[in-house]
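First up is the structure itself, then whatever we jot down about it.
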Amino acid sequence: MKRVIVGLSGGVDSSVAAYLLKQQGYEVIGLFMKNWHDDSVTISDECPWLDDSNDAMLVADKLGIPFQTVDLSEQYKERIVDYMFKEYENGRTPNPDVLCNREIKFDVFMKIAMELGADYVATGHYCRKGIINKDGKEIYQLLAGVDPNKDQSYFLCQLSQSQLAKSLFPIGELTKPEVRKIALELDLVTAEKKDSQGLCFIGKVKLPDFLQQQLKPKEGHIVEVCKENEMYDRQAPNFTNDEERLEFLSRKLDYHLEDGKIIGKHQGAHYFTKGQRKGLAVGGHVEPLFVIDTDVVENIIYTGEGKQHPGLYKRALFVKNDELHWIREDLALSTNETMEVMARIRYRQPLQKATLYKVVSGLYVEFENPQSAITEGQFVAWYIKDELVGSGVIC
């Protein structure tokens with residue numbers, strides 16, 4: 001009998017995943033990951049990990065499977081929290097959920113599971129795993145979940161072939177209502193529990209409070225850049241090749257104080273991200289203000305009025321070679337090769353038509369339509385039909 005260790009998070013999805021695996025004849029063990037200690041930045045007095053751990057234990061008891069807790073807080077701090085602080089400090093916006101999957105669930109946690117004699121690790125992600133045979137070799141596919149409202153393949157965009165080989169996603173063929181229905185029929189304590197909205201395994205955290213632990217508040221200017229600014233009308237030069245054109249389309253505009261007017265103050269440019277509209281606390285505008293850029297060196301936030309502001313939009317982005325990742329290594333592009341794909345730059349964004357262009361230094365992603373708030377530090381993921389084949393960190 002094959003042994004599967006399920007990451008029981010105390011939510012309904014992993015609870016049902018454990019039940020389905022047991023039904024399929026696997027020997028199932030539930031393991032709860034404790035990744036967080038610091039309650040000083042949680043929104044309320046509740047202790048999220050403790051509640052979640054208790055719920056996970058009750059589910060394991062109900063399903064009749066062994067259960068234990070593993071404390072991964074040290075590795076989590078080192079690999080996720082410290083990385084997040086560093087990225088925000090440098091004016092980039094990391095995605096902790098993608099990192100948590102790559103670094104914790106499917107690396108540290110997976111190694112612990114293998115030491116406990118597991119054949120597979122399973123999670124409650126809404127995605128599917130496919131296996132194809134190519135030139136006599138098994139290749140693993142990461143496929144979108146069948147529920148379009150809950151597909152979580154994006155969060156797993158950094159997984160490798162070796163990680164996928166040992167992974168199972170039991171609820172990928174189900175919709176969220178179907179999962180809840182199974183949990184209700186089983187009378188699981190998690191059946192009607194709300195989905196967690198916090199950072200991966202941290203719980204309900206106020207991000208500025210979280211960041212202020214290490215990134216101290218520092219007052220700076222909020223500058224509004226008018227949509228008629230001449231920098232937005234710059235004519236494209238004549239290009240001699242695709243790479244020059246893509247470099248132009250993906251370029252980061254260089255804003256200066258004199259490009260707009262000072263309209264307010266903020267407490268630290270590193271707390272803000274492109275496309276953000278909440279937290280600016282500046283009134284007197286017909287349309288909402290959006291962050292169009294942050295300058296952490298000069299500590300200035302540049303904003304624009306309205307979601308159609310030209311400062312929000314770009315047609316292309318760049319991924320450096322060392323931040324480029326192919327799940328399907330057999331499909332990786334060589335220099336000067338291109339590929340038509342569907343891509344997204346954030347979770348839940350509808351897939352967008354795009355073309356990949358491989359150059360010596362990395363990879364350009366050119367979208368058919370301009371994209372709003374392409375954000376440095378976030379992940380772009382690309383698909384062929386319903387298969388996620390690769391991803392990278394936006395430069």
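When a residue number appears, it is its place in the shown sequence, counting from 1.
Checking side-chain atoms of Asn229 against main-chain N and O of Gly260 turns up no donor-acceptor pair under 3.5 Å.
Residues Gln349 and Gln371 bring a donor and an acceptor atom of their side chains to less than 3.5 Å of each other. Judged purely by distance below 3.5 Å, without hydrogens or angles, the side chains of Glu138 and Tyr140 pair a donor atom with an acceptor atom.
Ionic pairing of Glu337 and Lys358 is not present here: no N-O contact between side-chain nitrogen and carboxylate oxygen is shorter than 4.0 angstrom. A salt bridge links Arg92 to Glu323: at least one charged side-chain nitrogen sits closer than 4.0 Å to a carboxylate oxygen. Here Asp151 does not pair with Arg348 in a salt bridge; the nearest charged N to carboxylate O distance is not below 4.0 Å. The pair Asp187-Lys62 meets the salt-bridge criterion, with a side-chain N (NZ, NE, NH1 or NH2) lying under 4.0 Å from an Asp/Glu carboxylate O.
Counting heavy atoms from C-beta outward, Tyr347 and Asp97 have side chains that stay 4.5 Å or more apart.
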Side chain to side chain contact (heavy atoms under 4.5 Å, CB included) evaluation trace for Thr338 with Leu356: CA-CA 5 Å; Thr338 65; Leu356 307 181; over 6 Å; no

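In plain terms, the two heavy atoms of Leu63 and Ala18 that are nearest each other are CD1-CB, 3.8 Å. Closest heavy-atom contact between Ala316 and Glu366: CB-CA, 4.1 Å. Here the closest non-hydrogen pair linking Asn101 and Phe155 is ND2-O, 3.0 Å.
Taking the six-membered ring wherever Trp is involved, the centroid distance between the rings of Phe239 and Phe248 falls below 6.0 Å. Taking the six-membered ring where the residue is Trp, the centroids of Tyr154 and Phe379 are separated by 6.0 Å or more.
Put simply, CG on Leu58 and CZ on Phe67 are 9.0 Å apart, with the number rounded to the nearest 0.5 Å.
Under the side chain to side chain donor-acceptor pair (under 3.5 Å) criterion, Asp147 pairs with no residue at all, not counting sequence neighbours. Annotation: side-chain contact (heavy atoms from CB on, under 4.5 Å) contacts of Glu178 (sequence neighbours excluded): Leu174, Thr175.
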